[in-house]
Number of protein chains: 2
Amino acid sequence: MPKINKTKYAILGVLSMNPGSGYDIKKFCDKGISYFWNENFGHIYPVLKQMEVEELITKIAEQNEGKPMRYVYSITPKGWEELTEWLMQPPENTPARLELLLKLTFAKNIPENNVIEQMEKIKQKHIQRLEQYEEMEKEFNSNEKTRLDRGYPYWLATLRYAIHDARFRIQWCEETIQNIREHQKMLNN
Amino acid sequence: MPKINKTKYAILGVLSMNPGSGYDIKKFCDKGISYFWNENFGHIYPVLKQMEVEELITKIAEQNEGKPMRYVYSITPKGWEELTEWLMQPPENTPARLELLLKLTFAKNIPENNVIEQMEKIKQKHIQRLEQYEEMEKEFNSNEKTRLDRGYPYWLATLRYAIHDARFRIQWCEETIQNIREHQKMLNN
DNA sequence: GTATCCATGTAACCAGTTACATGATTGC
DNA sequence: GCAATCATGTAACTGGTTACATGGATAC
């Protein structure tokens, strides 16, 4: 089977919540879900065009005074069908490619201290991420309205994933740094 | 900056351990590091060719009786240089695209039970993965020789990453399933 | 005045995937 | 007899990235 255009489903999903322009879709990705999903204009615009041809979405031109042209897309019944069908299907797991782990595999060819430094930086990055996510969680849970929304447990799930993820990475960084140091000592004796 | 061919570095890394053929490289990826790195023939062979032109590797033809032709590649000094330079650089983080989380974001459009079923299956998959990794860890640590290798803490790190990863996902699946159920009940009252 | 936001799009590029082609050997 | 392993490669394709082009409005 050929590789599937995931951008199409991301767009369908975003438009299922609200009609919007290509720009709006990009904004939603950047502001709302960038820690697990990313899109860029160079792909969004051509895919939108193609989806219109496939009748998954419809376009309406919007001209506000003094502002640039806006093309607002809405999802069609056919689009809804395609979206829900995709949602019901188990997610495809794309073959992993974790550059950090690949580097570690061959890391014995560079000085230990360089590796430790890199791991330390990565740990700091995840500590910052974790703080952000925990802040987001607080805000999210303090909002009464969101908790009554049918989507509540799903939004929460994505956030919790990010939190778990950041935590395990911090732990793993610490553990790994310690293991490198201990091994260093062992070999010196 | 343009996107960088990571396959090149994977090949350099594999050949830094032992000279080998394209087939050997693929085998190493599949057997040894497939849970965090994947390559396929359709990319390996052309990249090998290009790397030979760049003088990062050299080729020797090997003809064993009755067996198909083998082309064994070795890393050159220039290749070593490029490899270590890359290793010293902090890893690029490619923009995330986690299909599962994207689906959860829009999951309120399909029946809860479908989502729960999917999450249950994913949990089972990670339980199996975890068992495998823990088995691998035992074998790995029981081997005296590997512990004296300079690469020991790095190999261990990749394995420990996989273990941490599987564990957090199992936990997260359980948590999420429970949250969906509780929310379901709450809305029914 | 300068940076950011709003807004749309195209063209060139490339990394990586899939399918196809070939054929001997080994193990069950 | 059949599947898997060994072994190399090409061609077609496509999903996604980057760079380029344009230009007004708003906020500091």
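Note on naming: letters A, B, ... go to the chains in the order of the sequence lines (proteins, then strands), and numbering restarts at 1 for each one.
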(message) Closer than 3.5 angstrom, by distance alone: can the side chain of Asn38(B) be matched with the main-chain N or O of Ser34(B) as a donor-acceptor pair?
(response)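 Answer holds: yes.
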Provide, to the nearest angstrom, the distance between the [atom1] atom belonging to [X] and the [atom2] atom belonging to [N].
X: Glu39(A); N: dT8(C); atom1: CD; atom2: C1'; value: 17 Å
X: Lys6(A); N: dG16(D); atom1: NZ; atom2: P; value: 8 Å
X: Tyr71(B); N: dT10(D); atom1: OH; atom2: P; value: 11 Å
X: Glu92(A); N: dG16(C); atom1: CD; atom2: P; value: 18 Å
X: Ile25(B); N: dA7(D); atom1: CD1; atom2: C1'; value: 13 Å
X: Tyr73(A); N: dG9(C); atom1: OH; atom2: P; value: 5 Å
X: Met69(B); N: dT22(C); atom1: CE; atom2: C1'; value: 16 Å
X: Lys26(B); N: dA4(D); atom1: NZ; atom2: P; value: 16 Å

(request) Please determine if Lys59(B) forms a cation-pi arrangement with Tyr73(B), meaning its NZ or CZ atom is less than 6.0 Å from the six-membered ring centre and no more than 45° off the ring axis. (result) no
(request) Specify the residue among His43(B) and Lys31(B) whose closest nucleotide of DNA chain D lies further upstream toward the 5′ end. (result) Lys31(B)
(request) Could you say whether Tyr45(B) or Pro95(B) is positioned toward the 5' end of DNA chain D, judged by the nucleotide with the nearest heavy atom to each? (result) Tyr45(B)
(request) Report the distance from atom CG of Leu12(B) to atom CE of Met51(B), rounding to the nearest 0.5 Å. (result)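 Spacing of CG (Leu12(B)) from CE (Met51(B)) equals 3.5 Å.
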Does [N] have its OP1 or OP2 closer than 4.0 Å to a side-chain nitrogen or oxygen of [X]?
X: Tyr23(B); N: dT8(D); result: no
X: Lys3(A); N: dG16(D); result: no
X: Ser21(B); N: dC6(D); result: no
X: Arg97(B); N: dG15(D); result: no
X: Lys49(A); N: dT8(C); result: no
X: Asn5(A); N: dG16(D); result: yes
X: Thr7(A); N: dG16(D); result: yes

Nucleotide of [options] approaching [X] most closely (side-chain heavy atoms):
X: Arg70(A); options: dC6(D), dG9(D), dT8(C); value: dT8(C)
X: Asn40(B); options: dC6(D), dT10(C), dG16(C); value: dG16(C)
X: Asp24(B); options: dG16(C), dA7(D), dT8(C); value: dA7(D)

(request) Give a yes or no on whether the ring-centroid distance for Phe106(A) and Tyr154(B) is below 6.0 angstrom. (result)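 Ring-ring flag for Phe106(A)/Tyr154(B): false, centres at least 6.0 Å apart.
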(request) Can you label the angle between the Tyr161(B) ring and the Phe168(A) ring as parallel, tilted or perpendicular, going by 30° and 60°? (result) perpendicular
